[in-house]
Every structure is written in structure tokens, then in C-alpha cells.
Colleague: 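Got a structure for you, written out below as C-alpha cells; questions coming shortly.
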Amino acid sequence: MLRILSLIFAFASALAACTGTSNSDSTANTASSSRRDTIRFNADTAYAYVRDQVAFGPRIPGTDSHRRCAEWIVGTLADHGVDTIITQNALLSAFNGDQLPSTNIMAMINPEATSRVLLAAHYDTRPWADNSQRKEDHGTPVLGANDGGSGVAVLLEIARALKDKRPEIGVDLLFVDAEDYGTNEGWGLNEETWCLGTQYWAENNPYTDANRPRYGIVLDMVGGTGARFHREYFSNANAHGVVDKVWGQAARDGLSHIFINEVGGSLVDDHIFINRAGIPCIDIVECNNPHTGSFPPTWHTTHDDMAAIDATSLRAVGQTVLNVIVNERP
């Protein structure tokens, strides 16, 4: 039965009896070679989900396109038969004084399960294309096909895939808001200006010591053309075992050429604040692009549109994460 709640705290009691473990050892919960369950991740459907988001236009907090996208995410999750949908509304203050009406969305699968995993992505988009080569484009909002749209699309397709084959564990899908409203000035000194929705969620999340997810996986910029995913520095430092688990699954799936088993760049993203909430969390993100040395060339530019999306990248990430989930045991 689907439940749509207006406050994230409302499901704290539903999880009060959970006894999730913080064990993130790379082999503790990975299926043995004699037992591997698989579900097909449909990259065409994920690609269509990216296209649907881009059709709304830039999803900047406070705009009509942002509101309609949030409603679409909730409706799509309901269509996929998740057990519970929770929305968390807040008015967040940006670094420049802008007040951002924000909505975090969480879907729960198997809410009664005693062991859980958290998957997360942001659905808002950058208000300014401040990384575009042309200075006259710097004030143009970003469509965010890859930066925002791709992670959301993969999570929605995972929800659809799990509709008919329920995992043995609980899965929480978190769609966070106001991630991309930060300042690039003094980059290393302004991390708190980013991931505002996740920071709010981290301070107001429903988990206790008894029911925190085993680990979390953030998906960001996972649909770029020819994307390769290195082990993001802070993920590797703070949740090394979770990185081992995911990159190990990719290797078993024949995707070592896409999931590169080397440490890449470091970045401030939602996983930083989820880690601070006591959940070992990693970021699957393109952070060592051969042309830029960091993010994809379309990052925070007017070129982050459907031409930047590669179904092969969506499939590689989606299938890997899906296989990790379905092979977890309580």
C-alpha cells in the first residue's frame, strides 16, 4: 500500500524496530559466486526519464518547472509501486540570500526490513551556466540533463525494476533538492553553500542508531558520453569498503573499463553530508574526465542537454547498482 507523507519524521516509528548494520566490508554482503541474482536495467527507459526531466526546463527551486518535476517524480514512484513516499519541505537560504522553497523526496521499498541501503541523487539544476566558455552565457540556467537528470533517471528505473522482484533488504531512494545553488568562489572554503537539501535532510533525517542504512550511494553525472567512473577521493577515504563493493560488482559484470579501479578527483557533493549523518556513503560521479581532468566538459554549461547523454553510461551505472542491491542479504 502506498503512503504519501508530508513530513520525513513520520516514518521514524515505522523503522524504529530496525537493526541495520554499519558493516561496509567489501565481502560481507556481496553474493557468492554460487548465488547471484540479476535484474535487467533498462537503459532506454532511463534515457526517457532524463528526456522527461529536460522537457520541464531548468529545475531551479521556486520555479514552476521545478515544482512540476517534483510532482512528476512522486507520480512516477507511485506508478512503480514503492511502499511509502515521503516529502520534506523547507525554505532554505542560499549563499547570496536567495530563499529557496525546497522539497526532498524519499521513497521506501520494504519499509519493514531490518537492513536497509540508501540511494540518492539531486533533481534540481544549476541556475547559472557559469562554466560556459562564453561569458554572455553565464547567467543562463542549465538544463541539467547529466547534472541532476541522469542520477534521478537511474533511481527511477531502479524503482521500476524492483517492482516485480523485491530485494531481501529495504531500499530507500532519496531525491534531494537545492544541491546546485552553491558558489564557486573560494571553492574549498564554501562547501556549506552546496547540497542545501541534503544538509537539511542530514540534520532532520529519521534514522536512529538502530535503523541507519548499512551504506549509501549517491549518483551524480552518471550519464555522460563515454563516461568513466573513478573512485572519488572522499568516498574512498570515508567509505572504502562500499567503494570496493560497488567497483567489485562492476568488475564481475565486465565493466572494469567503465568503473576504473583508481582514485580520481575529490568533490563536495551530497555524499559528504550523508557521511556526516552517520551513513557510510560514496559518490558514483565522473570526476576524472580526460578532457578536463575533473568533471565532464558539459558541467555547468549550456551544453548539458540531451546531446550529452549516453545510454551506455546509464546502463553501466544502473546495472551495477541494481546488482549490488539485489544481491544484498539481510
Side-chain angles (χ1 to χ4, degrees), residues 1-5 11 14-15 18 20 29-53 69-87 105-121 123 149-175 211 213-219 222-223 245-246 248-250 252-255 284 309 311-330:
M1 176 180 177
L2 174 68
R3 294 177 289 156
I4 301 180
L5 310 180
F11 79 100
L15 293 179
C18 294
N29 296 299
T30 304
S32 68
S33 59
S34 61
R35 184 181 185 185
R36 289 187 61 219
D37 295 336
T38 58
I39 309 175
R40 179 176 176 268
F41 181 90
N42 192 320
D44 292 336
T45 305
Y47 185 92
Y49 287 148
V50 179
R51 186 179 58 221
D52 290 343
Q53 292 172 81
C69 183
E71 292 174 350
W72 171 79
I73 291 172
V74 170
T76 305
L77 290 167
D79 290 343
H80 293 339
V82 299
D83 297 301
T84 307
I85 299 174
I86 306 117
T87 58
I105 303 164
M106 175 176 275
M108 299 177 66
I109 299 171
N110 296 342
E112 74 290 344
T114 58
S115 298
R116 315 197 65 77
V117 169
L118 175 69
L119 307 179
Y123 71 93
S150 62
V152 169
V154 170
L155 291 193
L156 290 175
E157 171 56 14
I158 287 175
R160 189 200 65 80
L162 294 178
K163 180 177 181 179
D164 296 325
K165 185 176 177 59
R166 287 295 181 110
E168 294 186 18
I169 60 167
V171 178
D172 298 329
L173 306 174
L174 177 62
F175 302 81
N211 60 36
R214 292 174 176 174
Y215 57 86
I217 302 173
V218 167
L219 307 180
V222 294
K245 180 189 291 287
V246 175
Q249 182 67 59
R252 289 189 293 276
D253 293 338
L255 295 171
I284 301 178
I309 298 301
T312 300
S313 301
L314 295 173
R315 179 182 294 107
V317 173
Q319 191 64 66
T320 297
V321 174
L322 190 57
N323 285 351
V324 167
I325 294 300
V326 300
N327 283 296
E328 288 284 5
R329 301 293 178 254

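One is the number of the first residue; the rest follow in order along the sequence.
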Colleague: Can a donor-acceptor pair be found, under 3.5 Å and without considering hydrogens, that links the side chain of Glu157 to the backbone of Asn42?
Modeller: yes

Colleague: What is the distance from atom OG1 of Thr320 to atom CZ of Arg252, rounded to the nearest 0.5 Å?
Modeller: 10.0 Å

Colleague: Holding to salt bridge (charged side-chain N to carboxylate O under 4.0 Å, His left out), I want the full list of residues that pass it with Arg166, two or more places apart in sequence or in another chain.
Modeller: Asp83

Colleague: As an exercise, state the distance from CD1 of Ile86 to CG of Asp172, rounded to the nearest 0.5 Å.
Modeller: 7.5 Å

Colleague: Enter the distance from Asn323:CG to Asp253:CG here, rounded to the nearest 0.5 Å.
Modeller: 4.5 Å

Colleague: Specify the closest pair of heavy atoms between Ala316 and Leu255, including all atoms of both residues, with the distance to one decimal.
Modeller: O-CD1, 3.7 Å

Colleague: Keeping the roles fixed (side chain from Glu328, backbone from Ile169), state whether a donor-acceptor pair exists under 3.5 Å.
Modeller: no

Colleague: Is the shortest heavy-atom distance from the side chain of Leu156 to the side chain of Arg160 under 4.5 Å?
Modeller: no

Colleague: Identify the heavy atoms of Gly170 and Ala113 that sit nearest to each other, and give their distance.
Modeller: N-CB, 3.3 Å

Colleague: For residues Ala70 and Ile105, report the shortest heavy-atom separation together with the two atoms involved.
Modeller: O-CD1, 3.7 Å

Colleague: Flag the pair Met106 / Leu118 as yes when at least one side-chain heavy-atom distance between them is below 4.5 Å, and no otherwise.
Modeller: yes

Colleague: On a heavy-atom basis, which atom in Ala161 and which in Arg40 lie closest, and how many Å separate them?
Modeller: CB-O, 4.4 Å

Colleague: Nearest 0.5 Å, please: how far is OH in Tyr123 from CG in Leu174?
Modeller: 10.5 Å

Colleague: Rounded to the nearest 0.5 Å, what separates atom CG in Asn110 from atom CG in Leu162?
Modeller: 9.0 Å

Colleague: Give me the atom names and distance for the closest heavy-atom approach of Gly151 to Ala121.
Modeller: C-CB, 3.6 Å

Colleague: Quick check: closest heavy atoms across Arg116 and Ile109, and the distance to 0.1 Å?
Modeller: NH2-O, 3.2 Å

Colleague: Quickly, which of Val152, Leu155, Thr76, Leu314 forms a side chain to side chain contact (heavy atoms under 4.5 Å, CB included) with Tyr49? Name it, please.
Modeller: Thr76

Colleague: Once rounded to the nearest 0.5 Å, what's the spacing between atom NE2 of His80 and atom NZ of Lys163?
Modeller: 8.0 Å

Colleague: Is there side-chain contact between Ser150 and Leu219, with heavy atoms separated by less than 4.5 Å?
Modeller: no

Colleague: Determine whether Val154 and Phe41 make a side-chain contact, defined as any pair of heavy atoms from C-beta on separated by less than 4.5 Å.
Modeller: yes

Colleague: Below 4.5 Å, heavy atoms only, C-beta onward: do Ile325 and Leu119 meet side chain to side chain?
Modeller: yes

Colleague: Looking at residues at least two apart in the chain, or sitting in another chain, which of them share a salt bridge (charged side-chain N to carboxylate O under 4.0 Å, His left out) with Arg315?
Modeller: none

